[in-house]
Amino acid sequence: MLERRLPAQRVGIHPAERAVLEAGAPSARLDTAGLLHYCSRTIMKMKIQKPLLPILALGLGLALFTGCATSGVKNPDATGVTEMRGDEKGFVGGTGVESQDLIRVSDKIARGILSAPQIASAATPPVVVLDPVLNETRFPINKNIFLDRIQAQLISKAAGKVTFLARERMDTLQRERDAKRAGNVTSTSDANVQEFKGADYFLTGKLSGLSTSSKNGVSDYILYTFQLIDVRTSAIVWGGDDEIKKQAQSDAVYR
Amino acid sequence: MKFALTFLAALLLGVTGCATKKPLPALTGDLITDGKNAIAYGPAKDRVLWEYRVGLAALRRGNFEEAKRQFDDAITRIGGIYTTDAGAKKARSFFNTEAKKTFIGEPYERAMAYYYRGLLYWRDGERDNARACFRSAQFQDADTEKNEYAADYVLLDYLDGLASVKLGSGDGADEFSRAVKNARGGSQPPAYFKKANVLVFIEFGNGPRKHATGRHAEQLRFGEQASRIRSVNLKLGSQQFPLVAYDDLQWQATTRGGRVMDHILANKAVFKDVTGGTAVAAAVTGVALAHHGSGEAALVAGGVALVAGLLSATTTPEADIRTWDNLPRFLTFAALELPPGEHSLAIDFRDASGLTLSTRTITFTVPPVSGQDTVLFLSEHKT
């Protein structure tokens with residue numbers, strides 16, 4: 001049909017277009033410019049009104065886009081970042097320990113520690129050292145994160161009622177002290193005096209879990225317990241806890 | 001000319017839009033490289049499958065950081081299956097295959113991801129997180145159709161108890177008794193040895209391979225792969241420790257009973273058969289009506305045949321057979337007490353008759369620091 005409408009002997013025909021007409025169909029030999037020229041001339045020959053041409057071009061572009069949508073990439077664009085508060089329940093979640101649990105529990109424990117008589121009524125701020133929590137749940141977690149947040153809450157909100165020791169930095173601190181003692185760096189006080197403090201209390205905790213799974217779904221109960229332990233007597237001078245239970249059922253395709 | 005430019009602009013716009021589909025780089029033959037490319041450029045629904053494969057290959061090569069990265073991400077995704085997933089919804093529909101769902105694997109595959117992450121935690125001295133992983137691994141197997149096969153991995157309970165013993169947070173008696181109860185074929189685990197400071201995790205054989213059976217490939221099955229290795233023998237100087245497998249993944253894969261998804265796939269298969277039968281019947285009726293001059297009725301019958309035929313042809317009851325294909329079949333374990341210093345351990349992999357088919361040797365150092373376990377991982381496989 002094309003051949004009939006566009007005779008090869010026409011004057012001014014593009015060489016690529018001629019090649020197409022001679023071959024009967026566009027081929028791999030055709031370059032892009034030739035193909036465009038061929039297509040545009042073909043459309044012009046179809047006597048399409050000029051004002052319609054941009055619409056036709058736009059339609060072609062949209063058709064190409066539509067073609068892309070079916071080529072296997074469901075959501076090629078990123079979903080974007082959803083900024084949330086740490087205590088918000090997000091749209092991605094499981095039955096394990098999540099940020100909203102961490103914030104709820106650590107806030108409660110920090111308030112509890114501040115109200116303990118040993119802290120609230122102490123003549124001088126007690127010195128506290130963090131001892132890693134023990135994880136007895138079925139969820140592997142970053143064990144320091146609870147104590148880190150409790151410590152941060154107490155430092156920022158307790159107005160100096162508690163002093164924490166940076167025991168996890170002891171290697172660095174000892175190196176600095178040794179450099180001072182050796183005279184390698186300056187010192188504003190007598191470097192030979194032992195000033196590293198000892199702890200009055202240990203703050204530690206435990207995460208215990210109770211999990212069940214059945215055809216009706218999964219249930220995970222986690223008990224968070226924290227204790228303030230007197231280093232001198234080993235007495236537990238304060239204890240606090242919180243508990244969270246979550247239940248869920250996965251999609252049938254995973255059961 | 002003006003039109004040609006407009007046309008070119010539209011074409012370029014369209015082509016630019018198409019560039020969002022990145023091509024998968026050429027295969028290199030290296031599982032870790034190809035797997036990481038598949039994670040980066042392949043379909044998101046297969047991401048966890050590749051993380052499993054790459055994580056295990058990295059672990060076998062001693063690239064523990066890479067293994068941790070892969071298993072951590074996979075485990076996070078296993079834990080997040082309770083949120084709505086468009087792929088899962090699609091997989092339930094008549095017109096999409098089960099393989100449309102985001103892969104997290106069958107319970108034995110999920111359990112193994114936790115198991116490997118657990119031994120990596122133990123290697124890092126985090127015994128409680130290791131125990132958490134062993135508990136989660138056992139948990140994956142807790143909802144079987146038949147209760148007698150629920151949560152019946154021997155090694156997972158045994159390691160759970162051993163971690164508690166070593167942490168001083170229990171005597172592990174409950175876990176040990178469960179492990180003993182579930183032991184099969186003379187593979188009773190030994191009593192806990194608290195002084196053990198070298199833990200040897202060993203695996204051998206080839207894991208289950210999924211395939212589909214049934215008229216429409218709607219029934220998931222777990223094929224047994226040839227595995228000549230049936231036991232191992234540890235040699236430490238003049239001492240020998242023969243070990244049998246505590247757990248068999250073929251057993252674990254095949255004793256869970258039916259899945260809820262199996263019922264969905266069976267329904268899809270019935271729908272496909274019924275619509276297919278309807279299409280044939282309507283077509284035959286249409287032809288007969290046409291012969292008898294009932295043109296309008298023949299047309300209606302033809303329409304019914306067409307619609308039913310289309311429904312039948314587009315119904316996809318095929319089961320998802322994506323498999324974590326570098327898993328082993330058998331798992332075993334040994335706990336030893338060794339003095340600080342360098343040691344060499346040889347492992348004979350033996351067939352059913354006790355004949356050694358291959359031997360691997362590992363040299364390691366037990367650190368002088370007490371309270372830290374040396375964790376060794378030995379596999380018959382290299383990737």
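All values below were derived from every heavy atom in this structure, side-chain atoms included, with hydrogens, water molecules and symmetry-related copies excluded. Numbers restart at 1 for each chain; the letters A, B, ... are given by sequence-line order, proteins then strands.
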Fill in: Smallest separation among heavy atoms of A/P140 and B/A132, with atom names
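Heavy atoms only, the tightest pair is N-CB, 3.6 Å.
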Item to complete: Grab the two heavy atoms, one from A/T212 and one from B/F139, that are nearest each other, plus how far apart they are.
Response: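 So the two residues come closest at O-CZ, 3.3 Å.
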Worksheet item: Are any of the side-chain heavy atoms of A/E136 and B/S169 separated by less than 4.5 Å?
Response: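 Yes - at least one pair of side-chain heavy atoms lies under 4.5 Å apart.
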Discussion item. Just verifying a value: how many Å separate A/N135 CG and B/R135 CZ, rounded to the nearest 0.5 Å?
Written reply: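 Nearest 0.5 Å value for the CG-CZ distance: 8.5 Å.
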Between [options], which has the largest tally of heavy atom pairs under 4.5 Å with chain A?
options                        : result
B/T102, B/D72, B/I75           : B/T102
B/L265, B/D262, B/I104, B/D320 : B/I104
B/D143, B/L167, B/N129         : B/N129
B/R256, B/E126, B/K101, B/E106 : B/K101
B/A88, B/G79, B/G80            : B/A88

Fill in: Inter-chain contacts: residues 248-255 of chain A against chain B, heavy atoms under 4.5 Å
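Hits under 4.5 Å: A/A248, A/Q249, A/S250, A/D251, A/A252, A/V253, A/Y254, A/R255.
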Would one find more than 12 heavy atoms of other residues, nucleotides or ligands at under 6.0 Å from atom [atom1] of [X]?
X      : atom1 : answer
B/K68  : NZ    : yes
A/K206 : NZ    : no
B/K89  : NZ    : no

Practice prompt. Heavy atoms only, distances under 4.5 angstrom: which of A/G96, A/G217, A/S211 has the most pairs with chain B? Name it, please.
Written response: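 Sorted descending by pairs with chain B, the first entry is A/S211.
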Given a strict heavy-atom distance threshold of 4.5 Å, which part of [X] is in contact with chain A: side chain, backbone, both, or neither?
X      : result
B/I264 : side chain
B/R117 : neither
B/F134 : neither

Worksheet item: Are the side chain of B/S136 and the backbone of A/F139 linked by a donor-acceptor contact shorter than 3.5 Å?
Response: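 Not at all, since once roles are kept as given, no pair shorter than 3.5 Å links the two residues.
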